[in-house]
Number of protein chains: 2
Amino acid sequence: MAITIYDVAREANVSMATVSRVLNGNPNVKPDTRRRVKEVIKRLNYKPNAVARGLASKKTKTIGVIIPDVSDLYYSAILKGLEDISEMYQYQIIISNTDNDGNKELKAFETLSSNQVDGIILLGGSLDEATHEVIEQYDNPIVMCGYSKRETMSTVNINYPDAIGEVVRGMIDRGRKQFVYVKSGYHSFLEDALGERIQKELEENGVNTKVDTYNAVTYEEGIELYERLVGSDVDAVISISDEVAGGILHGTLDHNVEVPKDLEVLSCSNTRIAYMMRPQLSTIAVPLYDIGAVGMRLLTKLMNKEETEITHVELPYKINYSETTL
Amino acid sequence: MAITIYDVAREANVSMATVSRVLNGNPNVKPDTRRRVKEVIKRLNYKPNAVARGLASKKTKTIGVIIPDVSDLYYSAILKGLEDISEMYQYQIIISNTDNDGNKELKAFETLSSNQVDGIILLGGSLDEATHEVIEQYDNPIVMCGYSKRETMSTVNINYPDAIGEVVRGMIDRGRKQFVYVKSGYHSFLEDALGERIQKELEENGVNTKVDTYNAVTYEEGIELYERLVGSDVDAVISISDEVAGGILHGTLDHNVEVPKDLEVLSCSNTRIAYMMRPQLSTIAVPLYDIGAVGMRLLTKLMNKEETEITHVELPYKINYSETTL
DNA sequence: TTGTATGCGTTATCAA
DNA sequence: TTGATAACGCATACAA
């Protein structure tokens with residue numbers, strides 16, 4: 001059995017209340033007593049039991065992170081930002097995988113909630129209406145690193161529609177006419193909006209074609225997708241995922257298609273994969289780490305009630321014109 | 001204030017003990033009572049408080065994962081395996097980042113311990129002696145997904161030295177003479193052993209050269225490293241990290257070096273990056289996901305005391321001869 | 001089969 | 001400045 005606060009109290013000839021005060025930095029302790037207690041704590045190598053503390057104080061110093069897939073570089077880069085800041089504020093992180101499955105997301109939420117986390121960070125956008133309804137009943141802070149359908153949730157992200165608008169206009173300026181848009185299919189709220197934005201930019205800039213839309217999430221699917229595009233007059237591909245963009249890119253290598261002359265490819269993510277490709281992928285330079293860091297910082301404010309309003313943080317982005325665009 | 005077990009008990013006209021029994025699947029409950037209690041639980045949407053449960057039962061259904069860097073594909077692939085199995089056994093995961101820093105690792109361990117996790121998974125090999133000593137006092141199960149200096153810890157991994165031996169012999173057979181070995185520098189126990197193994201294979205197979213060893217962890221460092229190698233007679237590179245291998249590979253592209261004819265490159269990791277490279281990287285096909293999955297499965301057995309011995313699981317591997325080896 | 005009472009290790013209230 | 005003591009929400013030993 002581990003050392004408890006009682007052991008420390010006994011050893012230091014004080015009550016457990018005093019030990020607790022020392023532990024929590026309560027100023028109402030005589031300096032000498034404080035010193036004595038601290039000495040005993042150190043000598044016994046006493047570590048407070050965080051579970052008991054959580055039960056008594058209703059604060060667990062733990063947050064939950066709901067994430068579609070930790071092994072996806074896009075999300076793990078955000079997670080890294082979350083982690084660094086949460087460490088700074090001494091919060092533990094419980095992660096919950098969803099695999100982009102609405103049911104799992106809901107279950108993750110409930111489990112975290114029963115674990116009394118002090119706040120929750122949602123990555124990738126919530127899927128179901130059901131989840132949204134449950135979430136709105138929740139009385140601890142939630143921050144979504146991504147887009148939310150509902151205005152009632154604090155979010156941190158970049159302005160994807162604007163970014164993609166800028167990208168499309170650039171491509172049009174460079175003479176591109178036939179666009180393909182590849183989305184994941186998991187975040188329809190945002191992804192459909194982006195597809196519409198592309199079409200809108202075409203129309204407003206006098207390009208009289210229809211965007212073709214596909215779903216793909218893996219590198220292999222990107223390669224396969226390109227096989228289907230061979231021989232068409234597509235001259236611009238915008239892909240949400242850079243793994244998919246990479247697959248498409250490598251698909252062209254096998255068909256004597258010159259990138260970017262014959263085909264421009266641009267990805268809306270920018271994980272490390274993008275610059276490890278040859279040719280190097282052009283991307284929307286989403287500040288993934290910062291999204292996580294800012295999201296976590298926002299959550300700490302919300303948890304401390306320093307900030308009470310719902311906020312929508314929009315981080316700056318750049319378009320990273322690399323080797324797959326002219 | 002959320003619904004508690006008392007609310008359920010009152011509403012169902014039973015004592016809280018009975019509710020608790022129903023909750024925990026205790027068979028000593030009259031079927032009719034059980035039905036009634038369950039109905040109330042559902043109606044009130046009661047969710048047990050996991051923190052209180054943890055305090056009372058001393059089981060939190062939570063495990064800790066100590067990981068050098070979640071945004072490193074190598075580790076996040078293992079983590080994905082851990083997650084899938086832990087979900088299956090209904091365990092929550094608390095992650096702790098170490099950035100390959102021994103102090104942070106130790107602190108992570110202590111925090112997890114004070115959070116009463118039921119077990120801990122260590123990724124990447126522990127660094128400090130200090131950590132090892134603290135770990136040995138810990139009375140909950142620990143599994144290391146990787147190599148441990150100490151025999152007293154359960155481990156899951158592949159036989160890296162054998163794998164690298166096979167790789168080196170193959171390269172020697174194909175006429176390679178001047179080897180470069182690139183390690184991360186973080187896991188000296190294993191990495192030094194591997195360096196020695198390479199040298200030993202050379203000697204035993206009549207190759208009379210010395211292996212050159214470098215440290216590098218990023219793609220950029222790989223590129224830089226290659227710059228330093230230009231003009232030397234190096235004809236074989238074995239790299240621990242595939243990002244580094246990729247950097248080296250792309251470094252050669254700028255110097256008219258033909259891979260694999262002039263230079264063979266092989267990585268000891270095999271994250272998805274390896275096959276997204278062109279040319280595709282040859283690797284030791286480490287079953288990352290399986291290492292995580294098996295590690296977590298082992299931990300559940302240890303936590304249930306189904307397994308009590310210290311075990312060293314060695315998973316099978318393959319050498320993935322792709323485009324950067326002859 | 002069910003209920004009562006106690007303890008888990010803290011925090012927090014109230015008195016002293 | 002300190003100490004008793006009551007929560008916190010549950011599991012569980014013991015009684016009934």
Side-chain angles (χ1 to χ4, degrees), chain A residues 1-38 40-41 44-62 90 92 110-111 113-118 139-140, chain B residues 1-38 40-41 44-62 110-111 113-118 139-140:
Chain A
M1 207 51 52
I3 313 255
T4 74
I5 201 171
Y6 285 103
D7 301 319
V8 177
R10 185 170 3 88
E11 199 76 7
N13 285 316
V14 294
S15 74
M16 54 172 300
T18 299
V19 178
S20 177
R21 289 191 190 96
V22 172
L23 243 32
N24 295 293
N26 186 317
N28 297 327
V29 180
K30 191 160 57 169
D32 186 54
T33 313
R34 179 185 306 279
R35 200 189 37 68
R36 205 168 71 247
V37 170
K38 280 196 167 170
V40 173
I41 287 177
L44 299 187
N45 191 28
Y46 164 71
K47 310 278 178 203
N49 179 325
V51 176
R53 191 176 257 192
L55 183 60
S57 71
K58 306 194 156 288
K59 293 274 165 228
T60 55
K61 274 291 198 175
T62 299
Q90 317 246 57
Q92 299 298 112
E110 285 174 342
T111 309
S113 162
S114 95
N115 272 87
Q116 312 290 108
V117 294
D118 297 338
D139 49 0
N140 281 333
Chain B
M1 204 53 51
I3 313 257
T4 74
I5 200 170
Y6 288 102
D7 301 319
V8 176
R10 184 167 10 85
E11 198 76 9
N13 286 316
V14 294
S15 75
M16 54 166 301
T18 300
V19 178
S20 177
R21 287 188 193 100
V22 172
L23 243 33
N24 295 293
N26 186 316
N28 296 329
V29 179
K30 191 159 59 169
D32 187 53
T33 312
R34 178 183 308 277
R35 200 188 39 68
R36 203 168 72 247
V37 170
K38 282 196 166 169
V40 173
I41 288 177
L44 300 187
N45 192 28
Y46 164 71
K47 311 279 178 202
N49 179 325
V51 176
R53 190 176 257 193
L55 184 60
S57 71
K58 303 191 155 291
K59 294 274 167 225
T60 55
K61 274 291 199 177
T62 299
E110 284 173 343
T111 310
S113 163
S114 97
N115 272 86
Q116 312 291 109
V117 294
D118 297 339
D139 50 1
N140 280 334

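Below, read A as the first sequence line, B as the second, and so on, with proteins coming before strands; counting in each chain starts at 1.
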| query | Counting only non-hydrogen atoms, which of residues 5-15 of chain B are less than 4.0 Å from DNA chain D? | reply | B/Ile5, B/Tyr6
| Of B/Val29 and A/Val19, whose nearest nucleotide on DNA chain C comes first from the 5' end? | B/Val29
| said: Measuring from atom CG of A/Asn49 to atom OG of B/Ser114, what distance do you get when rounded to the nearest 0.5 angstrom? | reply: 7.0 Å
| said: Does a side-chain N or O of A/Lys58 approach OP1 or OP2 of C/dA12 to a distance below 4.0 Å, or not? | reply: no
| query | Rounding to a whole Å, what distance do you find between B/Leu55:CG and D/dT12:P? | reply | 12 Å
| Would one find a side-chain N or O of B/Asn28 under 4.0 angstrom from OP1 or OP2 of C/dT2? | no
| note | Students should find that the end-to-end axis angle of the helix from C/dT1-D/dA16 to C/dA16-D/dT1, with five pairs defining each axis and rounding to 10 degrees, is 40°
| message | Can you tell me how far apart OG (A/Ser57) and CG (A/Asp118) are? Round to the nearest 0.5 Å. | response | 8.0 Å
| Side-chain donor or acceptor of B/Arg36 paired with backbone N/O of B/Ala12 under 3.5 Å | yes
| note | DNA chain C nearest-nucleotide lookup for A/Arg21 and B/Pro31: closer to the 5′ end is B/Pro31
| Are OP1 or OP2 of C/dA12 and a side-chain N or O of A/Ser20 less than 4.0 angstrom apart? | no
| message | Which residues pass the salt bridge (Lys or Arg N to Asp or Glu O under 4.0 Å) test with A/Asp7, not counting sequence neighbours? | response | A/Arg10
| field | Nearest-nucleotide pick for A/Leu23, side chain only, options being C/dT11, D/dG9, D/dA4 | value | C/dT11
| message | Are the side chains of A/Ile5 and A/Ser20 in contact, using a 4.5 Å heavy-atom criterion? | response | yes
| Which pair of non-hydrogen atoms, one from B/Leu55 and one from A/Ala52, has the smallest distance, and what is that distance? | CD1-CB, 3.7 Å
| query | Of all heavy-atom pairs between A/Asn115 and B/Val51, which one has the smallest distance, and what is that distance? | reply | O-CG2, 3.6 Å
| Do A/Leu23 and A/Arg53 touch side chain to side chain, with heavy atoms closer than 4.5 Å? | yes
| field | Separation of D/dT1 P from A/Arg34 CZ (nearest whole Å) | value | 9 Å
| query | Between D/dA11, C/dT11, D/dA4, which nucleotide has the shortest distance from any of its atoms to the side chain of A/Asn24? | reply | C/dT11
| request: Inspect the surroundings of NZ in A/Lys38 and state if more than 12 heavy atoms from other residues, nucleotides or ligands are less than 6.0 Å away. | output: no
